[in-house]
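As a basis for the values below, the full set of heavy atoms in this structure was taken, side chains included, without hydrogen atoms, waters or symmetry mates. Computed from a prediction, not measured in an experiment: that's the story for all the values here. Remember, it's 1-based here, ligands and their atoms both numbered in the order they're listed.
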Amino acid sequence: MSAVSISSIPTVASQLGKTTLGNKFLSLISIYRGDITKLSVDAIVNACDTKVLGGGGVDGAIHRAAGPQLLAECRTLNGCETGKAKITKGYRLPAEYVIQAVGPVGENAELLRSAYWESLEVAKKAGVRTIAFPCISTGVFGYPPEKACGVCVRAVEEWVKENPGMMERVVFCVFNDVSEQIYAREMKAFD
Ligand code: AR6
């Protein structure tokens, strides 16, 4: 499958049929179900561990798609603390950058929130305008998906409020039915 352009991904506002921008946040975000490695955005976020040397899940998929140069650059990072993020290039990915973010092992709202927040900060410094997040920590790291969704959507909402005009689009990339339904439900709270 070839790259998926950001212009082909509807915003939540347009999906809900909002013609007036009553809620600016909804016109800035999208929920996309599929493989994050296909997204042609300025940056995709990776859900990695503190070593930042690749692994399974979305991390494995990103390294496979980006090619070996990504791991070579990751080796120069000297790891990353939980709740923090570091930027690398995207190499063979359609995305220009990969933001390597470390979510918590298990349920820790502060650290999960921080992983999203710090990713957006790193993105802003690099001039990123379009960014896609996977559901950080909800796989191998075992964060309950429903709770994680509430935390990360609010973290992003708060960040965009504090940084008006800095991000054109934030994509929540979900990978399965359950996550898609959880995010769709969560969006109703903003409607
Ligand atoms: N595109 C988008 N989402 C994906 C993809 C993909 N290609 N593949 C999986 N997901 P996980 P974590 C979803 O386990 O819980 C790794 O080994 C998946 O369905 O990838 O933060 C790292 O090296 C789930 O919803 O990340 C770390 O050691 C979400 O991505 C550790 O796992 C996150 O699941 C990190 O664990």
Side-chain angles (χ1 to χ4, degrees), residues 1-6 8-9 29-68 70-75 77-86 88 90-95 97-120 122 130-153 155-156 169-186:
M1 197 182 109
S2 54
V4 177
S5 121
I6 187 72
S8 72
I9 303 175
I29 61 169
S30 299
I31 299 165
Y32 175 80
R33 182 176 168 186
D35 183 354
I36 201 167
T37 67
K38 305 293 184 203
L39 294 182
S40 187
V41 285
D42 294 340
I44 61 169
V45 177
N46 187 13
C48 51
D49 60 25
T50 54
K51 293 196 186 91
V52 200
L53 293 174
V58 69
D59 196 4
I62 288 173
H63 276 271
R64 278 194 298 280
L70 178 60
L71 183 59
E73 185 177 356
C74 283
R75 289 193 202 284
L77 295 177
N78 202 19
C80 182
E81 284 170 45
T82 303
K84 295 274 165 38
K86 291 187 178 179
T88 56
Y91 300 99
R92 291 185 202 150
L93 290 165
Y97 298 107
V98 179
I99 294 172
Q100 313 280 346
V102 188
V105 179
E107 208 182 316
N108 183 319
E110 204 42 57
L111 287 174
L112 185 65
R113 178 190 154 75
S114 174
Y116 280 82
W117 192 278
E118 293 300 318
S119 294
L120 289 163
V122 164
T130 57
I131 186 169
F133 283 94
C135 304
I136 298 174
S137 285
T138 64
V140 176
F141 280 0
Y143 207 117
E146 192 128 23
K147 289 181 176 167
C149 174
V151 170
C152 72
V153 170
V156 172
R169 190 80 71 85
V170 180
V171 178
F172 293 102
C173 179
V174 297
F175 205 55
N176 54 46
D177 264 348
V178 175
S179 301
E180 191 174 26
Q181 284 159 18
I182 290 171
Y183 275 78
R185 264 203 309 277
E186 191 70 29

Report all N/O contacts between ligand 1 and the protein shorter than 3.5 Å as a table of atom names and distances to 0.1 Å; if there are none, say 'none'.
{"residue": "ligand 1", "atom": "1 (N)", "partner": "I36", "partner atom": "N", "Å": "3.0"}
{"residue": "ligand 1", "atom": "7 (N)", "partner": "D35", "partner atom": "OD1", "Å": "2.9"}
{"residue": "ligand 1", "atom": "14 (O)", "partner": "V140", "partner atom": "N", "Å": "2.8"}
{"residue": "ligand 1", "atom": "15 (O)", "partner": "S137", "partner atom": "O", "Å": "3.4"}
{"residue": "ligand 1", "atom": "15 (O)", "partner": "T138", "partner atom": "N", "Å": "3.4"}
{"residue": "ligand 1", "atom": "15 (O)", "partner": "G139", "partner atom": "N", "Å": "2.8"}
{"residue": "ligand 1", "atom": "15 (O)", "partner": "V140", "partner atom": "N", "Å": "3.2"}
{"residue": "ligand 1", "atom": "15 (O)", "partner": "F141", "partner atom": "N", "Å": "3.0"}
{"residue": "ligand 1", "atom": "17 (O)", "partner": "G56", "partner atom": "N", "Å": "2.8"}
{"residue": "ligand 1", "atom": "20 (O)", "partner": "V58", "partner atom": "N", "Å": "2.8"}
{"residue": "ligand 1", "atom": "21 (O)", "partner": "S137", "partner atom": "N", "Å": "2.8"}
{"residue": "ligand 1", "atom": "23 (O)", "partner": "D59", "partner atom": "OD2", "Å": "2.7"}
{"residue": "ligand 1", "atom": "25 (O)", "partner": "T138", "partner atom": "OG1", "Å": "3.0"}
{"residue": "ligand 1", "atom": "28 (O)", "partner": "D49", "partner atom": "OD2", "Å": "3.1"}
{"residue": "ligand 1", "atom": "34 (O)", "partner": "G139", "partner atom": "N", "Å": "3.4"}

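With contacts defined as side-chain heavy-atom distances shorter than 4.5 Å, the pair V151/Y143 qualifies. Side-chain contact between R33 and D177: present, with at least one pair of heavy atoms (C-beta onward) separated by less than 4.5 Å. Under the 4.5 Å side-chain criterion, counting only non-hydrogen atoms from C-beta, K147 is not in contact with L112.
When each of T130, I6, V45, V4 is checked for a side chain to side chain contact (heavy atoms under 4.5 Å, CB included) with V171, only I6 meets the rule.
Interatomic distance, T50 OG1 to E81 CD, rounded to the nearest 0.5 Å: 9.5 Å.
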Quiz item: Are L71 and H63 close enough, and set up right, to give a side chain to side chain contact (heavy atoms under 4.5 Å, CB included), and what steps lead you there?
Solution: CA-CA 7 Å; L71 183 59; H63 276 271; 4.0 Å; yes

